Asks: 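Below you will find the structure I want to go over with you.
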Amino acid sequence: MWSWVEEQPRDCCGHGSRAQAGPQGGAMEPLRRLQLRWRRLMSSEAGRGWYTPSAALPSKRGAGEPEPGVHKIHGKRRTVVARHGPYQDEYHSISKGYQGNSIRTTKYTLISFIPMNLFEQFHRAANLYFLFLVALNWVPVVEAFQKEITMIPLVVVLTVIAFKDALEDYRRYRFDKKINNHVVRVYSGKEQRYVEQRWKDVRVGDFVRLSCNEIIPADMVLLYSSEPDGVCHIETANLDGETNLKQRQVVRGLTEQGFDVTPEKFTSRIESESPNNNLTRFRGFMEHSNKVRVGLHNENLLLRSCTIRNTETVVGIVVYAGHETKAMKNNGGLRYKRSKLERRLNVDVLWSVALLFAMCLVAAIGHGMWLSGLKDPPFMIPDDTSPVLAGFYMFWTMIIVLQVLIPISLYVSIEIVKLGQIYFIQNDVDFYNERLNSNIQCRALNITEDLGQIQYLFSDKTGTLTENKMVFRRCTIAGVEYPHEDNARRLELYQDQDWDDADPLAVPGKSRSCRSSMKSLSCRSSVSLDTLTPCDPEPDPRGATQDGPHPRHMAFSSRMEKEVLPDPLLLQKLNGLISPELPLQDAVGAAPLEMTYIVDFFLALAICNTVVVSLPQQPQRMVHMQDVQRTPLKSLEDMKLLFQRFGVPRFASVSPPGSDASPGSDSPGQLARRLFGRPKAAPPSPGGAPAGEEKERQEEEEEEEEEAVEQKGAQAGPEELAYEAESPDEAALVHAARAYGCTLRARASEQLTVDLPGVGRLAVRILHVLPFDSTRKRMSVVVRHPLTGQVVVYTKGADSVIMDLTATPKGDAQAIKESMDIKEKTQRHLDEYAREGLRTLCIAKKVLQEDEYELWLKRHAFAETSIENREELLLESAERLETGLTLLGATGIVDRLQEDVPETIEALQRAGLRIWVLTGDKQETAVNIAYSCKLLRPTDQLLTANCSSKEACEALLVQLREEVEASGAGPAGADGHGDGSKDGCGFTLVIDGRTLEWALQEELEEAFLELACRCRAIICCRSTPLQKSQVVQLVRDRLRVTTLAVGDGANDVSMIQVADVGVGISGQEGMQAVMSSDFAISRFKHLRKLLLVHGHWCYTRLANMILYFFYKNVNYVNLLFWYQFYCGFSGATMTNYWVLIFFNLLFTSAPPLLYGVLDKDVSADTLMQLPELYRAGQNSEAYLPSTFWLNLLDAVYQSLICFFVPYLAYAGSDISVFSFGTPINTSALFIILLHQVIESHTLTWMHGAVLLGSALFYFTFTLVFSATCVTCNSPANPLGIDIRHMSDPVFYCVCALTTLLALLPRVLYHSIQNTLFPSDITKAAFLDRLSPEERCSRIHNWREEQTRASPLLTTVVVDPVLSDGDLCDCSPDAHSVVS
């Protein structure tokens, strides 16, 4: 293995991997850590290394110690050989335990549906409780009803849930069948060729051949690509939502060795890690027949569900299939979280159980005492049962009789109501984003009510509060600042208009069919775009139609991002390279050293990235390059001498190569070839051809290559190139470099083509790419410099990291002084950029000596081929390389705020939400953005926490807390009060990532929280994804508050998952945050309505519905309990069993559902204009423990009235038991239905229809039952009783009187409370009934009163909801939803 690496060190393309941890250190410290790690891996006790040792590596043992052999790997791994290769016996033995490629996301089969579904449903305690009651009713000594009747409620609930589960599972079955029957070409051993097979028939070890635009059926290692450089591009939109292209590479060495992809000749083995869900990591190696091992990385793996782009043919070998693929491992389905209201509900259900047991215990004791007082009663059959045993039996009988106290239908009703709430949220037109053609997504179905109880909001900054559309603003190079004032004025023009609509590449609302037809042209094809027929226009949600096909929208490529205006001074210096009038040094007015900095700076901007170059006219078609070779130069001084020596005419402007040249001048390609062309070595001729003929042949070849280069430049001019970047920062920097003539023309796996002003087209050889990760906070590329031939490392990253990695030159005092001066000036410029709110990146370089590079390469290759601890080893390798850097300069990138962010934050703060901003940006940038979005007010006092040690952090936290306490600021509660000092100045804590790491430790977290609770806002800068999740978890668990986290990128996923409610924004960085979230929105401003309106409605509706369920169950059960005092606690009932069972199950079940979906206490406009109303949900005012018990007391009172008024009315009469029960049941129905009318805030025709329908259903069922049923209620016979009783006018008088007396206290209570002690919700509801002018005036007065009462909760922000236009018309929005 290592011998192969030594023979071809410059052909190794190392790829980094995401690392999880690892400190920074000096040049020797990582080496010592690597030595220690290597000793552990090589030791016989560890036995963990998956590698072959080599003598090429420095020995880690003593002189006399033998080198260790290859140790056997402990733990699970996977070995893959070709299915139709030479190792047939081995394949059959190892592939038995590997899954096929068929997928099944269904839960059930036809045979297993009933048992499995019942098993899942009986995981609910309520269902188990009622199953116990059903079984208990079959015991003869405690039987209360007919056995079949007791089963009805449980059977109905189980059937409804089972039907819903069956429909969902059937939809999954149809989708699985469609996926499994997709067709792909797989190599057949029998036919010796590739044949079409269904996806489900693919197996591990199969060779699969794919063409452009085909979807990958399984996880495959890439063995062959039709591209000459072994590159394949994939689109991962089906996996993570990102539409930009990702580059994948054939296994290293296969392309150079002319690898034969015939499966019969495939003698290599693949060993990899076990299947896992990590999409960004793949560890393994390929061992060839000569025992040489080549490391496998994520760049060699084609993931299932991705799409092949830009490549006509690829061949891969399947390593993971079916449910073992990474895509299926990440398919977790819908998220389940337990809401705060559900936790409260469970507690109250336990109280109901306790109440039930108490009532049954009273009945049991009463029955025993009643039997003890009887002396041989003639109406009882004598038996030997003692009163005590009879009382014990009666306890269980009463459990059956009073079973409806536990609301079994409540859980089903809650699910139905939440589905209705989600329906109205998703159909709210205010959440629709026309530009993205997207709406809100509700991915979690069970926490809608939590939206109305949020107390702490944690937000990312970039892409969440800002657009995440990075635009190059200014830069500093070699300590010289270039303000780009013209570019600043250009950006100001974009502030008041959305230029995405004017962008010819942006196609809002494009139909999917159009996009599909455009993507079909992704590969090389003779079909012209002019021959396409337009797609059929499709109406958008507003009714407009779209035109025909347009080029698809490229990520991060709007006009605002691409059109960068150069700085005149910097452009003048660059023009010095190509000015024909003055020598180089005089023209640019700067030393050659500064020119070196400038050229390297822009070269770094152009190549230190993973940008893919494509053609927008043919979407996602990559621009390929010619193989241009260059003669290495020593320095830019040599270039100047060559310019003077040849006297070559030079260009007068920074025109991109390929533009028209003046007569008599060389084209850019000719200029580059004359200056830097390297003569090709002529092979020895057998006949000894004359030197003149060889020279002529060489010149002809050079002319042909020159024509090919010029033709390629003419075909792909600068206006035709489009850049697809993985992040907006990369795109902004590449566009900035292009504005100065340093244009990235094409990209291959190991080579880039770049245009330099005055030089022309250069081929830059890529040796290694060390990608960005959140631990290092930087990325680097190792290249062979196109001008000097040296190995150069270009690095870009956060200034806090790059500045620490820069080195001071040794020896020359003048050089040391210049280096320090550049560093100090650059730092001042960085601070200035941050104060302006710009995102900053530092650019640096490092020149490696050949022996230094060879030593690093050997150790890096060792890290790449390790499977265990590969991430740690790669991190140490990258840190070893990225030291001693030379600072080139820095960039300032502007990222403007999204629309309505200040108004949204101001409204949320007035609503009582505590807002924390967790960002990876530097401190000054985050503070500036916080002021811009009105999170910080001009009167706020900033508390800055930047510490270098744990002890300093502890002392500072105590000091800051004492300072806040001295000002009179108390701890802030969830309602937002207490967040400022007595004089009206609030405090805002700004803490950096290093200090936050100390503050989150167990010893300091209490002090950190005490300080944070006294501040009105918190800004955490330079925070890592792990720190974000730790902060959210700390606040959620220690303060016991309801939290919401919102973000847009992969670095926000952990924070979103930890919070009680996670909100993802479908922004510029893919869909990772959206796929991990509970709710997905397109803009931050949508949080305002989502929380203040829908959150408030969902919480109040569901809370009131749950209370109503408890009320009606307790009310009706108490009627049965009061009757026990008059029947000897015998468990008898005064009504037939059917009415008893159906009363809660059917007669009173529909109105609460409508109540939970459509009730609206305050209109949407009022809730938006008065965010303070949201605090009612934060404080759980609709569902407090006191509210629950008062509700039960009211139910007990109403049951007393409902029972004793008919009892007194019919006292002394000769009516039967069932005749006595009929007015009680009817009165209870009227009381329960009218009680809901009193509690409802919205009454529509639907409410009236449901309430009237419930009453009619009860009367119809009762009359039909009374007229037809003879033996339905054995042993009693209720035939004709209800018909006769309901024809008596006294019956209706009794029912009316009972209903009036039962509901009168509640009506009086509401009248007195709303008149003398109205709540804010009651006042706001009254505003909706006023005229628009009076309503606006009242709202204005309300806000002024709130401001005087709590001045710290408001900021001076012009709210569009209360703008001048809206003050004239505050009528409800016509587009608001009605729910």
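Bear in mind that the values here come from a model prediction, so they are computed numbers and not experimental data.
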Asks: Between Ser948 and Trp998, what is the shortest heavy-atom contact and its length?
Replies: C-NE1, 4.0 Å

Asks: Starting from the C-alpha separation in whole Å, work towards a yes-or-no answer on salt bridge (charged side-chain N to carboxylate O under 4.0 Å, His left out) for Arg474 and Glu832.
Replies: CA-CA 11 Å; Arg474 58 201 302 181; Glu832 180 183 352; 3.7 Å; yes

Asks: What distance separates Arg1088 CZ from Glu906 CD, expressed to the nearest 0.5 Å?
Replies: 7.0 Å

Asks: Do Met803 and Leu830 touch side chain to side chain, with heavy atoms closer than 4.5 Å?
Replies: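 A side-chain contact under 4.5 Å exists here.
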
Asks: Can you list everything that forms a salt bridge (Lys or Arg N to Asp or Glu O under 4.0 Å) with Lys823? Sequence neighbours excluded, please.
Replies: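 So Lys823 forms no salt bridge (Lys or Arg N to Asp or Glu O under 4.0 Å) with any residue.
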
Asks: When you measure from the side chain of Arg961 to the backbone of Arg1014, do you find a donor-acceptor pair of N or O atoms at a distance under 3.5 Å?
Replies: no

Asks: Could you tell me whether a side-chain N or O of Asp1052 sits under 3.5 Å from a main-chain N or O of Asp1048, the two making a donor and an acceptor?
Replies: yes

Asks: Evaluate Arg1083 against Asp900 for salt bridge (charged side-chain N to carboxylate O under 4.0 Å, His left out), listing each step before the verdict.
Replies: CA-CA 9 Å; Arg1083 311 296 284 175; Asp900 297 335; over 6 Å; no

Asks: Donor-acceptor check, side chain of Arg1175 to backbone of Arg910, threshold 3.5 angstrom: yes or no?
Replies: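 Checked: pair present.
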
Asks: Less than 4.0 Å between a side-chain N and a carboxylate O, is that true for Arg937 and Asp940?
Replies: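 Looking at Asp940 and Arg937, the cut-off is met.
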
Asks: Taking Gln898 for the side chain and Thr464 for the main chain, is one N or O donor matched with an acceptor at less than 3.5 Å?
Replies: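 Confirmed, Gln898 side chain pairs with Thr464 backbone.
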
Asks: One pair to check against side-chain contact (heavy atoms from CB on, under 4.5 Å): Val769 and Met779. What are the steps and the verdict?
Replies: CA-CA 8 Å; Val769 177; Met779 79 160 292; 4.2 Å; yes

Asks: Please answer whether the main-chain N or O of Val1058 pairs with a side-chain N or O of Arg1036 as donor and acceptor at a distance below 3.5 Å.
Replies: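 Yes.
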
Asks: Is it true that a side-chain atom of Arg443 and a backbone atom of Val1074 form a donor plus acceptor pair closer than 3.5 Å?
Replies: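 Indeed, once roles are kept as given, a pair shorter than 3.5 Å links the two residues.
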
Asks: Keeping Asp450 on the side-chain end and Lys340 on the backbone end, is there a donor-acceptor pair under 3.5 Å?
Replies: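 A pair under 3.5 Å: yes.
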
Asks: Decide side-chain contact (heavy atoms from CB on, under 4.5 Å) for Phe601 and Cys475; before the verdict, give the C-alpha distance in whole Å, the side-chain angles of both, and the deciding distance to 0.1 Å.
Replies: CA-CA 10 Å; Phe601 178 85; Cys475 66; 4.1 Å; yes

Asks: Do Gln941 and Thr988 have side-chain N/O donor and acceptor atoms under 3.5 Å apart?
Replies: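 No, no side-chain donor-acceptor pair sits under 3.5 Å.
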
Asks: In chain order, what residues pass the salt bridge (Lys or Arg N to Asp or Glu O under 4.0 Å) check against Glu954, with sequence neighbours excluded?
Replies: none

Asks: Determine the minimum heavy-atom distance between Lys1028 and Leu918, stating which atoms define it.
Replies: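 Shortest heavy-atom separation between Lys1028 and Leu918 comes out as CE-O, 3.4 Å.
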
Asks: Give the table of side-chain donor-acceptor pairs shorter than 3.5 Å for residues 838-845, with sequence neighbours excluded, one pair per line with atom names and distance.
Replies:
{"unit_1": "Arg839", "atom_1": "NE", "unit_2": "Asp729", "atom_2": "OD2", "d": "3.3"}
{"unit_1": "Arg839", "atom_1": "NH1", "unit_2": "Thr462", "atom_2": "OG1", "d": "2.7"}
{"unit_1": "Arg839", "atom_1": "NH1", "unit_2": "Asp921", "atom_2": "OD1", "d": "3.0"}
{"unit_1": "Arg839", "atom_1": "NH1", "unit_2": "Asp921", "atom_2": "OD2", "d": "3.3"}
{"unit_1": "Arg839", "atom_1": "NH2", "unit_2": "Asp729", "atom_2": "OD2", "d": "3.3"}
{"unit_1": "Thr840", "atom_1": "OG1", "unit_2": "Asp799", "atom_2": "OD1", "d": "3.3"}
{"unit_1": "Lys845", "atom_1": "NZ", "unit_2": "Asp600", "atom_2": "OD2", "d": "2.7"}

Asks: Do the side chains of Gln923 and Thr944 get nearer than 4.5 Å, heavy atoms only?
Replies: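 In contact.
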
Asks: Using a 4.5 Å cut-off on heavy atoms from C-beta on, say whether the side chain of Phe987 contacts that of Leu960.
Replies: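 No; the side chains remain at least 4.5 Å from each other.
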
Asks: Output, in order, the C-alpha distance, side-chain angles, deciding distance and verdict of side-chain contact (heavy atoms from CB on, under 4.5 Å) for Val917 and Phe458.
Replies: CA-CA 6 Å; Val917 174; Phe458 300 89; over 6 Å; no

Asks: Between Val1063 and Asp1078, is there a side-chain heavy-atom distance shorter than 4.5 Å?
Replies: no

Asks: Can you measure from CD (Gln1001) to CG (Leu1004) and round to the nearest 0.5 angstrom?
Replies: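 The CD atom of Gln1001 sits 6.5 Å away from the CG atom of Leu1004.
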
Asks: Given side chains that start at C-beta, do those of Tyr456 and Leu1044 come closer than 4.5 Å, heavy atoms only?
Replies: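 Contact flag for Tyr456/Leu1044 side chains = no.
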
Asks: Is it the case that the side chain of Gln455 and the backbone of Thr1042 share a donor-acceptor pair, with hydrogens and angles ignored and the cut-off at 3.5 Å?
Replies: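 Yes, the answer is positive, given that a donor and an acceptor are paired below the 3.5 Å cut-off.
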
Asks: May I ask you to test the Thr883-Glu879 pair for a side-chain heavy-atom distance under 4.5 Å?
Replies: no

Asks: State the CG-OG1 distance between Leu888 and Thr806, to the nearest 0.5 angstrom.
Replies: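 OG1 of Thr806 is found 11.0 Å from CG of Leu888.
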
Asks: Under 3.5 Å, is there a donor-acceptor pair between the side chain of Tyr1174 and the main chain of Ile454?
Replies: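 Checked: pair present.
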
Asks: For residues Cys953 and Leu957, determine if any side-chain heavy atom of one lies less than 4.5 Å from a side-chain heavy atom of the other.
Replies: yes

Asks: Any idea which heavy atoms bring Ser932 and Pro902 closest together, and the distance?
Replies: O-CG, 3.7 Å

Asks: Tell me whether Gln1057 contacts the main-chain N or O of Ser1054 through its side chain, where contact means a donor paired with an acceptor under 3.5 Å.
Replies: no

Asks: Take Val894 and Phe472, measure what side-chain contact (heavy atoms from CB on, under 4.5 Å) needs, and give me the verdict at the end.
Replies: CA-CA 6 Å; Val894 63; Phe472 180 83; over 6 Å; no

Asks: Taking all heavy atoms of Cys933 and all of Leu465, pick out the closest pair and write down the distance.
Replies: SG-CD1, 4.5 Å

Asks: Let me confirm one number: the CG-OH distance from Leu605 to Tyr794, rounded to the nearest 0.5 Å.
Replies: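 Rounded to the nearest 0.5 Å, the CG-OH separation comes to 10.5 Å.
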
Asks: Using the test side-chain contact (heavy atoms from CB on, under 4.5 Å), find all partners of Ile915 that sit at least two apart in sequence or belong to another chain.
Replies: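 Testing Ile915 for side-chain contact (heavy atoms from CB on, under 4.5 Å), a comparison that skips the adjacent residues, returns Leu457, Ile905, Leu908, Gln909, Leu935.
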
Asks: Nearest heavy-atom pair of Thr919 and Asp460: which atoms, and what distance?
Replies: CA-OD1, 4.3 Å

Asks: For Thr1043, enumerate each residue passing the side-chain hydrogen bond (donor to acceptor under 3.5 Å, both in side chains) test, keeping only those at least two apart in sequence or located in another chain.
Replies: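 Applying side-chain hydrogen bond (donor to acceptor under 3.5 Å, both in side chains) to Thr1043 gives Asp1060.
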
Asks: Output the distance between atom OG (Ser780) and atom NE2 (His768), rounded to the nearest 0.5 Å.
Replies: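 One gets 12.0 Å once the value is rounded to the nearest 0.5 Å.
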
Asks: List the residues meeting salt bridge (Lys or Arg N to Asp or Glu O under 4.0 Å) with Glu1003, not counting sequence neighbours, and say none if there are none.
Replies: Lys950

Asks: Is it the case that Tyr833 and Glu481 place a side-chain donor and acceptor less than 3.5 Å from each other?
Replies: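 Per modelled atom types, Tyr833 and Glu481 side chains form a pair under 3.5 Å.
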
Asks: Taking all atoms of both residues into account, what is the closest heavy-atom pair of Ala945 and Thr995, and its distance?
Replies: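 Scanning both residues, the minimum pair turns out to be O-OG1, 3.3 Å.
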
Asks: Any side-chain donor paired with an acceptor under 3.5 Å for Asn276 and Lys329?
Replies: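 Side chains of Asn276 and Lys329: no pair found under 3.5 Å.
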
Asks: When rounded to the nearest 0.5 angstrom, what distance separates CD in Gln1027 from CG in Leu996?
Replies: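 Here the interatomic distance stands at 4.5 Å.
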
Asks: Do Thr886 and Lys846 come within less than 4.5 Å of each other through their side chains, counting heavy atoms only?
Replies: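 No, side chains not in contact.
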
